[in-house]
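To start, the structure under review is shown below, and the notes come after it.
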Protein chains: 2
Amino acid sequence: MADDLDPRDFTSDDDGKRPLTRIQKVNRGKILEAALDVFSAHGFRGATLDQIAAEAGLSKPNVLYYFPSKEAIHAALLEGLLDIWLAPLRAIDPAGEPREEIMRYMRRKLEMSREMPRESRLFANEVLQGAPRMGAGLSTDLKTLVDEKAKVIEGWIAEGRLAPVDPHHLIFSIWALTQHYADFDTQVRAVLGPGKDPIEGAAPFLDMLFARLLAP
Amino acid sequence: MADDLDPRDFTSDDDGKRPLTRIQKVNRGKILEAALDVFSAHGFRGATLDQIAAEAGLSKPNVLYYFPSKEAIHAALLEGLLDIWLAPLRAIDPAGEPREEIMRYMRRKLEMSREMPRESRLFANEVLQGAPRMGAGLSTDLKTLVDEKAKVIEGWIAEGRLAPVDPHHLIFSIWALTQHYADFDTQVRAVLGPGKDPIEGAAPFLDMLFARLLAP
DNA sequence: GTCTAGTTTGACCGAACGGTCAGACTCACG
DNA sequence: CGTGAGTCTGACCGTTCGGTCAAACTAGAC
């Protein structure tokens with residue numbers, strides 16, 4: 001199970017400490033991969049170190065040799081993931097074509113719901129419970145980024161290149177509609193019944209929805 | 001805190017047992033009210049009986065006098081809430097005006113996000129983690145209801161009274177967009193900053209969104 | 001007032017959990 | 001092949017949690 005470590009580098013300690021051993025890199029990767037599985041499926045409180053250790057193929061004390069605590073594993077995951085998660089929003093280009101930029105953002109977020117559902121659920125679990133373990137600074141950084149992009153969208157609207165919509169709620173709607181398919185996957189599949197990937201059906205629907213919403 | 005018991009009747013035992021005592025009604029109500037608070041804020045696993053008991057103003061053994069287990073409290077909450085939760089969807093009238101019916105459903109769901117955020121988060125917590133404690137039959141009943149209403153919407157589309165959209169994903173989009181404001185309230189408020197109720201801003205946005213989406 | 005069914009609680013239990021520790025093992029470099 | 005830093009583990013600890021129980025304490029019908 002833990003064989004398919006993906007190449008993303010979660011093992012950033014970068015506190016100026018000495019370079020990581022090969023074994024350290026591998027095992028910290030295994031732990032974070034397992035922790036992502038367990039935390040996203042059961043929430044922070046519902047996850048146990050034994051579960052994580054078992055899924056990582058390590059003993060519990062060995063896991064605690066690489067991370068000082070359960071909290072630390074969770075924090076490392078959140079921190080490492082935040083940049084990836086917000087990258088598509090950052091990529092909105094003020095110089096681009098408005099509707100194209102927003103549609104691209106929406107499509108990229110939908111792709112992420114398909115390809116990184118565990119990451120989506122990890123954040124969802126955290127936010128649902130009031131984000132007690134997510135740095136308050138995170139909310140500050142997030143607000144800064146969103147406000148910046150909202151300004152860009154407002155500019156586009158002022159130029160008449162976009163329908164006049166509240167930019168903040170537009171961004172919320174993209175989050176809500178795309179992450180829904182990752183976070184509530186169980187419900188979506190229960191309703192649609194067995195068959196194709198729900199996101200395949202969602203893609204054209206969301207394309208139409210945002211096309212109609214954004215037309216000036 | 002537990003003084004404002006709302007009039008909704010959660011205390012349905014109705015297994016044909018003898019009628020409930022006055023004290024039974026009051027205390028079961030207190031427990032379920034407290035449990036809704038605690039479960040919705042921390043998830044099933046994150047909630048503790050001591051927390052629930054404290055918030056209900058009862059001792060832990062006393063709580064377990066009224067409910068056989070933590071699971072039973074959770075199950076009672078879910079069961080009692082499901083009808084309320086799906087009522088607006090059930091209320092969609094095949095004989096009504098299509099766009100009006102759907103807009104009404106959306107608005108009612110948004111209202112519920114404002115007035116019953118704890119209930120929304122209770123379900124969200126459960127579904128996020130794969131709905132392990134929600135009767136599999138629930139998914140069956142839910143599917144049945146959604147399929148029925150999807151057929152109604154398809155009929156409307158066939159008559160050309162509604163834009164041709166996938167009815168299932170239309171329903172998902174209503175769920176996603178409205179429940180987002182309850183489930184991710186923390187994030188929404190962090191981004192918008194302090195001030196008015198986020199849902200006040202969401203209402204006109206969602207009105208415009210669905211008006212544009214549904215126009216034939 | 002009495003008596004009983006219904007209610008409440010302090011004390012306690014076993015299991016699960018996060019975390020510790022001393023010592024055993026192993027890898028890589030000279 | 002020797003050695004020390006780095007890696008790993010079985011046994012254990014204190015706490016928390018869900019749940020039990022016997023005994024004490026009402027509420028209310030007669």
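The model shown is predicted, which means the values in this text are computed figures rather than measured ones. Below, all heavy atoms of this structure are taken into account, side chains as well, without hydrogens, waters or symmetry copies.
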To the nearest Å, how far apart are [X] [atom1] and [N] [atom2]?
X	N	atom1	atom2	result
A:Asn27	D:dT9	CG	P	10 Å
B:Leu58	C:dT9	CG	P	7 Å
A:Phe39	C:dG18	CZ	C1'	12 Å
B:His74	D:dG18	NE2	P	13 Å
A:Asp50	C:dC17	CG	C1'	7 Å
B:Arg133	D:dG18	CZ	C1'	14 Å
A:His42	C:dC17	NE2	P	11 Å

Touch class at under 4.0 angstrom, heavy-atom based, for A:Ala47 against every strand present: sugar-phosphate

Counterpart residues, ring pair (Phe, Tyr, Trp, His ring centres under 6.0 Å), relative to B:Phe39 (two or more places apart): B:Phe44, B:His74

Phosphate contact (D:dT7 OP1 or OP2) by A:Gln24 side-chain N/O below 4.0 Å: yes

Any A:Arg45 side-chain nitrogen or oxygen under 4.0 Å from OP1 or OP2 of D:dC17: yes

Any side-chain heavy-atom pair of B:Asp185 and B:Tyr181 under 4.5 Å: no

Minimum side-chain heavy-atom gap B:Val26-B:Lys30 below 4.5 Å: yes

Partners passing side chain to side chain contact (heavy atoms under 4.5 Å, CB included) against A:Lys109 (at least two apart in sequence or in another chain): A:Trp85, A:Tyr105, A:Ile174, A:Trp175, A:Thr178, A:Gln179

By side chain to side chain contact (heavy atoms under 4.5 Å, CB included) - contacts of B:Pro167 (at least two apart): B:Ala150, B:Ile153, B:Glu154

Neighbour count above 12 (heavy atom, 6.0 Å) for B:Glu111 CD: yes

Under 3.5 Å side-chain donor-acceptor pair for B:Asp37 and B:Gln51: no

Letter per nucleotide, 5' to 3', of nucleotides 24-30 of chain C [B base touched, S only sugar-phosphate touched, - untouched; heavy atoms, 4.0 Å]: ----S--

Interface with DNA chain C, restricted to residues 60-69 of chain B and to heavy atoms under 4.0 Å: B:Pro61, B:Asn62, B:Tyr65, B:Tyr66

Partners passing salt bridge (charged side-chain N to carboxylate O under 4.0 Å, His left out) against B:Asp50 (at least two apart in sequence or in another chain): B:Lys60

Mutual orientation of the aromatic rings belonging to A:Phe172 and A:His169 [parallel < 30°, tilted 30-60°, perpendicular > 60°]: perpendicular

